[in-house]
Amino acid sequence: MNNTKKISGSEAVVKCLIAEGIEIIYGYPGGAIMPVYDELYKYEDQIHHVLTRHEQGATHSAQGFARISGKVGVAIATSGPGATNLVTGLADAQIDSTPMVCITGQVSSNLLGSDAFQETDIVGISTPVTKWNHQVTKASDIPKVLAKAFYIAKSGRPGPVLIDITKDAQFELLDFNYKKVTGIRSYKPIPKLDTTSLDLAADLINKSIKPMIVWGQGVILAEAENEFKKFVEKTGIPAAWTIMGVSAIPTSHPLNVGMVGMHGNYAPNMLTNECDLLIAIGMRFDDRVTGNLDKYAKQAKIIHFEIDPAEIDKNVKVDVSVLGDAKESLSKILPLLKTRTHNSWLVKFKELYDIEYDSVIKDDLFPTKDGLTMGEVLKEINTYTKGNAAIVSDVGQHQMIACRYANFNKSRSNITSGGLGTMGFALPAAIGAKMACPEREVVAVIGDGGFQMTIQELGTIFQSKVPVKIVVLNNSFLGMVRQWQQLFFEKRYASTEMVNPDFTAIAKGYYIKSKKVSKREELSSAVEEMINSKDSFFLEVVVEKEANVFPMIQSGASVSEIRLK
C-alpha cells in the first residue's frame, strides 16, 4: 500500500490498522489518544471500534477475539491510568501466547519525564509482560513500528506488543508509506527443524511400549490440528491435554484420555508416572501440570516438540527436543512412524477412568442430593450446544469444571485464562470471541466472584448488541480459595464468603434477558431457553455452596498422589 500524501500521525495509525486487515478494535478514549479517536471517527466504515467499560475489558476482549480467530487482537487506550489498566491483559496474553497489539497515547514528547498529567512510563511498566514494546515520538516512525508490532505479535510463539505514541507524534505530518514486515534481522521466530532430532524422536516412539502424549496450545497456535490427529491415530498413543490445548482434537476421540494437571483426570495423571515415553507437544511443563518436578515422569524418556528454545529443559530435562513449528515437525515425522496400537496400555486408562467415574464424575454429572452441581450445568450446556459452542471461562472451580466436562467438537473452543489465572477474564473475552466469530455460539461460564470484577462489561454487550450467553455459577463463595481453606486451613473461611447482589436485576438493568435457577427441575428448560435466544442472555444458577472439585493434586505433591476425595 503506497501513498505519499502527507497525513497526520494519528491518521497513519488508522491506515496501518486497515493495511493489516484489522476490522474490529476495543478501547476507551482519553486526552492523550484523542487524535487517533478523531481519525477512527472518520474511518468508522472500515474499522469498528468497540467502546468497553474499562481498559482491562478492552484487552480481554482483544484476547477473546484472537483466541477464537487466530488473528491479532487490538486494544487502544489513553496514557496514565488508561495505559496501566491494560497491564493485566498484557500479562495474561504474554503467558498464554496470545497475539495482541495494544496502542496507548502518551503525553507530548517535550513533557516526558516531567510527571505531567496522566503521564506514566508504560514502556517500563509493560516490559516484563510484553513480547516487545516501543515508544514512538516521531510521526514518521509510526508505519514501520506498527508493521513490526503486528509481525512480532503473530509470528513464532505469539504474544502481546505495546506501542506508546506521544501526542505530538499523533499531530505531526508524515509522508505515509506502509509496508508489511515479513522478517526482522536477528529475530528468528521459527527455529530451523533439525532432521536428526526427528529421527531420534521417531526411533523412541516406534520402540515404546507404554507411550503417552501430553499436548498443549502449541498445536492450536501452529494450526496443526490435522497433523496432530494423524500423528495420534497412526501411533495409536493415548493423548492427554492441558487446559490450553483442549479442543485440538474432539473430546470424543477414542485416543483422547482427558486432562492432566491439578484438577485433571485420574488416569493421565497417574499414568504419567508409569509411561515409558512421554511426548510433550506444544506445552511448557507448567507447575499445575507437573506437580512436584522431583517426582515427575522419572521413569520415562521424554520428547519435547516446541517452538520456543527457552522452554526446552526449563522445567523438565528432556531426552530429545524437536525445535520447530508443530505443523512442520508433525508432518515431517509422520512418514518415519510405524502404524501401531497400544490396546493393553489403553486398558489401564479405561480402568482408571472407571475408578474416577464411580468416585467423582457420576456425582458431578448425575447427583442424587438436592443441591445443583456445576457439573450438571455443563452437562445441560453440552446437551443444547452439542459440543459446538465456544466455552469462555474465568479462573476457579467453575473453570476446572468447564474444562473437565464441556464437550468440544471444534478447535479454538476453550477460551480461558490459563497461566495468569485472571478473574474477570471471561465476560469481556466472550464479547471479543462472539464478535470475531458471530456464527458460533459463545457461552461464558463464570463464577460469582470473577463476574463482579468486570460486571460493567454488560454495558458493552448492551451497547454493542453482542449476543453472548452468560452463565454465572453462584455458590456465594470464592470457591477455589474456599476449597483450599477447607482442606488445608481447617475450614477457616477467611474473606471468601460473598454477599452477592441481585445479578438478574443488574442484567435487566442493562436490558439483557435474564433468569435465575435454583432447582434441578428448572435447569434444563432454562439452558434451552438461553441457547435458543437470538439475543444475549444471562442465566444465574445457584449451586452447592461448599462443593469441591476433584480429583486434585495438592500443591507440592506428585501427579501420582492425586486425590479422588
Could you please spell out the steps behind the side chain to side chain contact (heavy atoms under 4.5 Å, CB included) verdict for N256 and W215?
-> CA-CA 10 Å; N256 184 336; W215 90 85; 3.9 Å; yes
Please lay out, stage by stage, how R520 and L372 fare under the test side chain to side chain contact (heavy atoms under 4.5 Å, CB included).
-> CA-CA 6 Å; R520 184 161 292 122; L372 283 167; 4.0 Å; yes
Please walk me through it: do W241 and V219 pass side chain to side chain contact (heavy atoms under 4.5 Å, CB included)?
-> CA-CA 11 Å; W241 39 269; V219 172; over 6 Å; no
Tell me, with the steps shown, if Y493 and F477 meet ring pair (Phe, Tyr, Trp, His ring centres under 6.0 Å).
-> CA-CA 9 Å; Y493 294 160; F477 268 111; 5.4 Å; yes
Evaluate the criterion ring pair (Phe, Tyr, Trp, His ring centres under 6.0 Å) for residue pair F538 and F451; output intermediate values, then yes/no.
-> CA-CA 12 Å; F538 175 83; F451 178 59; 5.4 Å; yes
Verify side chain to side chain contact (heavy atoms under 4.5 Å, CB included) between D448 and F503, making sure each step is shown before the conclusion.
-> CA-CA 9 Å; D448 50 309; F503 289 130; 4.0 Å; yes
When you look at K314 and E311, which way does the salt bridge (Lys or Arg N to Asp or Glu O under 4.0 Å) test go after all the steps?
-> CA-CA 5 Å; K314 185 178 84 173; E311 294 295 345; 3.1 Å; yes
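In summary, K513 and E529 do not engage in a salt bridge, as defined by a charged side-chain N under 4.0 Å from a carboxylate O. Between E274 and K348, at least one side-chain N (NZ, or NE/NH1/NH2) sits under 4.0 Å from a carboxylate O, which counts as a salt bridge.
Of the possible polar contacts, one joining the D276 side chain to the I209 backbone as a donor-acceptor pair under 3.5 Å is found. Between the side chain of N269 and the backbone N or O of G261 there is at least one donor-acceptor pair closer than 3.5 Å. R67 places no side-chain N or O within donor-acceptor distance of the main-chain N or O of I415, the cut-off being under 3.5 Å. Remark: side-chain polar atoms of H342 are paired, donor with acceptor, to backbone N or O of T235 under 3.5 angstrom. Q397 contributes no side-chain N or O that, together with a main-chain N or O of G447, makes up a donor-acceptor pair within less than 3.5 Å. Judged purely by atom type and a 3.5 angstrom limit, D96 uses its side chain to pair as donor or acceptor with the backbone of G419. With H263 contributing its side chain and V549 its backbone, the two residues share a donor-acceptor pair below 3.5 Å. In this structure, the side chain of T454 engages the main chain of G424 through a donor-acceptor pair within 3.5 Å. Checked by atom type and distance alone, the side chain of N409 pairs as donor or acceptor with a backbone atom of K386 at under 3.5 Å. Judged purely by atom type and a 3.5 angstrom limit, S533 has no side-chain atom pairing as donor or acceptor with the backbone of M530.
If you take CD on E540 and OG on S518, they are separated by 9.0 Å, rounding to the nearest 0.5 Å. To the nearest 0.5 Å, the span separating CG on L255 from CG on L346 amounts to 6.0 Å. Separation of atoms CZ (F550) and NZ (K565) is listed at 10.0 Å; rounding is to 0.5 Å. Note that CG of L277 and CD1 of I213 are 9.0 Å apart. Values are rounded to the nearest 0.5 Å. In this structure, CD1 on I446 lies 12.0 Å from CD on Q399, to the nearest 0.5 angstrom.
Counting heavy atoms of neighbouring residues, nucleotides and ligands inside a 6.0 Å radius, atom CD of E521 exceeds 12 of them. A 6.0 Å sphere centred on NZ of K379 holds more than 12 heavy atoms belonging to other residues, nucleotides or ligands. Remark: E223 CD is loosely packed, at most 12 non-hydrogen atoms of other residues, nucleotides or ligands lying under 6.0 Å away. Residue-environment remark: NZ (K229) stays at or below the threshold of 12 foreign heavy atoms within 6.0 Å. Residue K519 qualifies as open at atom NZ: its count of foreign heavy atoms under 6.0 Å is 12 or below. Atom CZ of F489 is surrounded by 12 or fewer heavy atoms from other residues, nucleotides or ligands within 6.0 Å. With a 6.0 Å radius and a threshold of 12 heavy atoms from other residues, nucleotides or ligands, K516 has its NZ atom at or below the threshold.
The side-chain heavy atoms of P467 and K534, taken from C-beta on, include no pair separated by under 4.5 Å. With a 4.5 Å cut-off on side-chain heavy atoms, M423 and L478 count as touching. Residues T383 and V527 form no side-chain contact, since every pair of their non-hydrogen atoms from C-beta on lies 4.5 Å or further apart. Inter-residue side-chain proximity for M552 and L487 is flagged as met; some heavy-atom pair is nearer than 4.5 Å. Annotation: side chain of N315 is not in contact with side chain of Y296 (no heavy-atom distance under 4.5 Å). Inter-residue side-chain proximity for V322 and I303 is flagged as met; some heavy-atom pair is nearer than 4.5 Å. Counting heavy atoms from C-beta outward, E561 and V559 have side chains that stay 4.5 Å or more apart. At a threshold of 4.5 Å between non-hydrogen side-chain atoms, the residues K515 and F537 count as touching.
At a cut-off of 3.5 Å, with distance as the only test, a side-chain donor of N273 or S558 sits close to an acceptor on the other residue. With 3.5 Å as the limit, one finds a donor-acceptor pair spanning the side chains of T416 and S393. Side-chain atoms of S413 and R440 include a donor-acceptor pair closer than 3.5 Å. Residues T385 and E441 have side chains that never bring a donor and an acceptor to within less than 3.5 angstrom of each other. Under the 3.5 Å distance criterion, with hydrogens and angles disregarded, a donor-acceptor pair is assigned to the side chains of E225 and S411.
In terms of heavy atoms, P551 sits closest to G264 at CG-O, 3.6 Å. Closest approach of C403 and N414 over heavy atoms only: SG-ND2, 3.7 Å. Scanning both residues, V466 and T460, for their nearest heavy atoms gives CG2-O, 4.5 Å. Closest of all the heavy-atom pairs between D319 and A300 is OD2-O, 4.1 Å. A pairwise comparison of heavy atoms in Q217 and T242 identifies N-OG1, 4.3 Å as the closest pair. Between V395 and G421, the shortest heavy-atom contact is CG1-O, 3.3 Å.
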Enumerate, atom names and distances included, each donor-acceptor pair closer than 3.5 Å involving a side-chain atom of residues 349-357, sequence neighbours excluded.
unit_1: K350; atom_1: NZ; unit_2: D354; atom_2: OD1; d: 2.9
unit_1: K350; atom_1: NZ; unit_2: D354; atom_2: OD2; d: 3.0
unit_1: E356; atom_1: OE1; unit_2: N265; atom_2: ND2; d: 3.3
unit_1: E356; atom_1: OE1; unit_2: Y266; atom_2: N; d: 2.8
unit_1: E356; atom_1: OE2; unit_2: N265; atom_2: ND2; d: 3.1
unit_1: E356; atom_1: OE2; unit_2: R404; atom_2: NH1; d: 3.1
unit_1: E356; atom_1: OE2; unit_2: R404; atom_2: NH2; d: 2.7

Taking only distance into account, with no hydrogens and no angle test, what donor-acceptor pairs under 3.5 Å do side-chain atoms of residues 360-370 form with protein atoms, sequence neighbours excluded?
unit_1: D364; atom_1: OD2; unit_2: Y405; atom_2: OH; d: 2.6

